[in-house]
Amino acid sequence: MTEPIRVVVTGAAGQIAYSLVYSVCKGDIFGPNQPIVLLLLDITPMMGVLQGVVMELQDCAIPLVKDIVATDDPNVAFKDVDAAFMVGAMPRKDGMERKDLLKANVRIFKAQGQAIDKFAKKSVKVIVVGNPANTNACILSKYAPSIPKENFSCMTRLDQNRAQAQISLKLGVTSDKIKNVIIWGNHSSTQYPDVAHATVEIQGKVVPVADAIKDDNYLKNEFIKTVQQRGAEVIKARKLSSAMSAAKAAGDHMHDWFAGTQGDNWVSMGVISDGSYGVKAGLMFSYPVRIKNRNYSIVQGLSLSEFAQQKLDLTAAELDEELQAALAECAD
Ligand SMILES: NC(=O)C1=CN([C@@H]2O[C@H](COP(=O)(O)OP(=O)(O)OC[C@H]3O[C@@H](n4cnc5c(N)ncnc54)[C@H](O)[C@@H]3O)[C@@H](O)[C@H]2O)C=CC1
Ligand SMILES: O=C([O-])CC(=O)C(=O)O
């Protein structure tokens, strides 16, 4: 019998978690044979709502779930965890940029970093979803110095999925036929969705996406803007930020981190920069990565056009600025 793994979801009474916890429990992420102990963290005023989520999870009657712990105490929630979904943070409203959330959210990640440092397994794999996700992940890692920096990441998989979906709609193929789209940089409106190395399978033949689309102007303008602004468009329409798609993307990210990427294919993850592609080391930057044995490596040697290089510089500069503001906020 496989030992259960301990998985924490923060912001567990919120809207992303409502989709995510079901996916964690039913085996989509860690596999259909992996038992789970689920730890659910939210703030004290949300404990009543969280009890409702626990009741519903119990009523799902999923055999993989060995225990559910609902708590407002980070010291309990992070105890010996193997995987952490850091969702708990304020979402933005219509008209805001994600970095406007920095003041409200970054201190959550300082405090939770300290708790992770003390209580989590040193091998824990952490994904930050709460915005501004890249900078919050940097702060989380800074305050958990006993855990390797490579164990912290932030989510840009939703942007990758959005980019694949746009190409799939344009070409009339299913999204699984599209490989190696890249999201570079910040999960913000400066991110660079890049299809220069992406391929698509059409009627059994694999071709570059650019050759299939045959519209450079679309790829350099409308496509990029649509992906960059998709979160804001969903907020305009729903009056709430993306939740179902965010939960799906968080699951995809953690699934691939545990199970590995396929063949030569890559996925995009926000990870600590080691200076690759000229990005300042120490920023949490979204790169293409390959994953094996639960370790990722940044894909090296991809050619960048002048257009692409400018986009990378812009998003890296924004991340640097955000990080300085976050560090100042956490200083006392
Ligand atoms: N990286 C990405 O691609 C995406 C990120 N997001 C971000 O994810 C975050 C969560 O979004 P939603 O679930 O829609 O928000 P929500 O408001 O529905 O839920 C957030 C939950 O976090 C809880 N929370 C607040 N402070 C906490 C703390 N200190 N510890 C534990 N829990 C805490 C709240 O009580 C609430 O239950 C937001 O910051 C949102 O902007 C959303 C979509 C995509
Ligand atoms: O747009 C937002 O604020 C929520 C989010 O990060 C996304 O949907 O990409």
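Numbering of residues begins at 1 and proceeds along the displayed sequence. We count ligands from 1, going down the list as the structure has it; atoms in each ligand are counted the same way. Bear in mind that the values here come from a model prediction, so they are computed numbers and not experimental data.
When atom types are taken as modelled, the side chain of Lys177 and the backbone of Gln203 share no donor-acceptor pair closer than 3.5 angstrom. Between the side chain of Lys99 and the main chain of Pro132, no donor-acceptor pair closer than 3.5 Å is present. Between the Tyr287 side chain and the Ser276 main chain, a donor and an acceptor come within less than 3.5 Å of each other.
In terms of protein heavy-atom proximity, atom 27 (C) of ligand 1 is closest to Ile43 CG2, 3.5 Å. For atom 10 (C) of ligand 1, the nearest protein heavy atom (residue, atom name, distance) is Val87 O, 3.3 Å. When hydrogens are left out, the protein atom nearest atom 43 (C) of ligand 1 is Ser242 O, 3.5 Å; that is the closest non-hydrogen contact. Considering only non-hydrogen protein atoms, atom 15 (O) of ligand 1 sits nearest to Pro91 CG, 3.5 Å. Summary of contacts: the protein heavy atom closest to atom 1 (N) of ligand 1 is Val129 O, 3.2 Å. At the top of the distance list for atom 30 (N) of ligand 1, counting protein heavy atoms only, stands Gln112 NE2, 3.0 Å. Closest to atom 35 (O) of ligand 1, if we only count protein heavy atoms, is Asp42 OD1, 2.6 Å. The protein non-hydrogen atom at the shortest distance from atom 20 (C) of ligand 1 is Ala89 O, 3.5 Å.
Within 6.0 Å of OH in Tyr22 there are 12 or fewer heavy atoms belonging to other residues, nucleotides or ligands.
For ligand 1, the atoms lying closer than 4.0 Å to a non-hydrogen atom of Gly14 are 18 (O), 19 (O), 37 (O). Each of the following atoms of ligand 1 lies closer than 4.0 Å to a heavy atom of Met90: 38 (C), 39 (O). Applying the 4.0 Å criterion to heavy atoms of Ala246 picks out, from ligand 1, the atoms 43 (C), 44 (C).
Between His197 and Trp266, the ring planes are perpendicular. Angles over 60° get that label, and only those under 30° would be called parallel.
By the criterion of a heavy-atom distance under 4.0 Å, the side chain of Met46, and not its backbone, is placed next to ligand 1. The side chain of His187, and not its backbone, has at least one atom closer than 4.0 Å to an atom of ligand 1 (non-hydrogen atoms only; side chain from C-beta on). For Asn131, heavy-atom contacts with ligand 1 shorter than 4.0 Å involve the backbone as well as the side chain.
Paired with Ile68 under the rule side-chain contact (heavy atoms from CB on, under 4.5 Å), one option of Ile36, Leu40, Val53 passes, and it is Leu40.
The shortest distance between side-chain heavy atoms of Asp82 and Val7 does not fall below 4.5 Å.
Counting only non-hydrogen atoms, the option in Ile16, Thr10, Leu240, Thr71 that gets closest to atom 8 (O) of ligand 1 is Ile16.
Between Gly130 and ligand 1 there is a heavy-atom distance shorter than 4.0 Å. Using a 4.0 Å heavy-atom cutoff, Arg157 is absent from the residues neighbouring ligand 1.
Ser241 and Arg98 form no side-chain donor-acceptor contact under 3.5 Å, judged by distance and modelled atom types alone.
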Pick out the protein N or O atoms lying less than 3.5 Å from any N or O of ligand 2, and list each pair with its distance.
residue, atom, partner, partner atom, Å
ligand 2, 1 (O), Arg92, NE, 3.1
ligand 2, 1 (O), Arg92, NH2, 2.7
ligand 2, 1 (O), Arg98, NE, 3.4
ligand 2, 1 (O), Arg98, NH2, 3.1
ligand 2, 3 (O), Arg92, NE, 2.5
ligand 2, 6 (O), Arg98, NE, 2.7
ligand 2, 6 (O), Asn131, ND2, 2.8
ligand 2, 6 (O), His187, NE2, 2.6
ligand 2, 8 (O), Arg162, NH2, 2.7
ligand 2, 8 (O), Ser242, OG, 3.3
ligand 2, 9 (O), Arg98, NH2, 2.9
ligand 2, 9 (O), Arg162, NH1, 2.8
ligand 2, 9 (O), Arg162, NH2, 3.3
ligand 2, 9 (O), His187, NE2, 3.1

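Its side chain within the 4.5 Å cluster rule, Ile43 clusters with Met46, Val49 among the Ile, Leu, Val, Met, Phe, Trp and Tyr residues.
Salt bridge status for Arg230 with Asp159: absent, with no side-chain N to carboxylate O gap under 4.0 Å.
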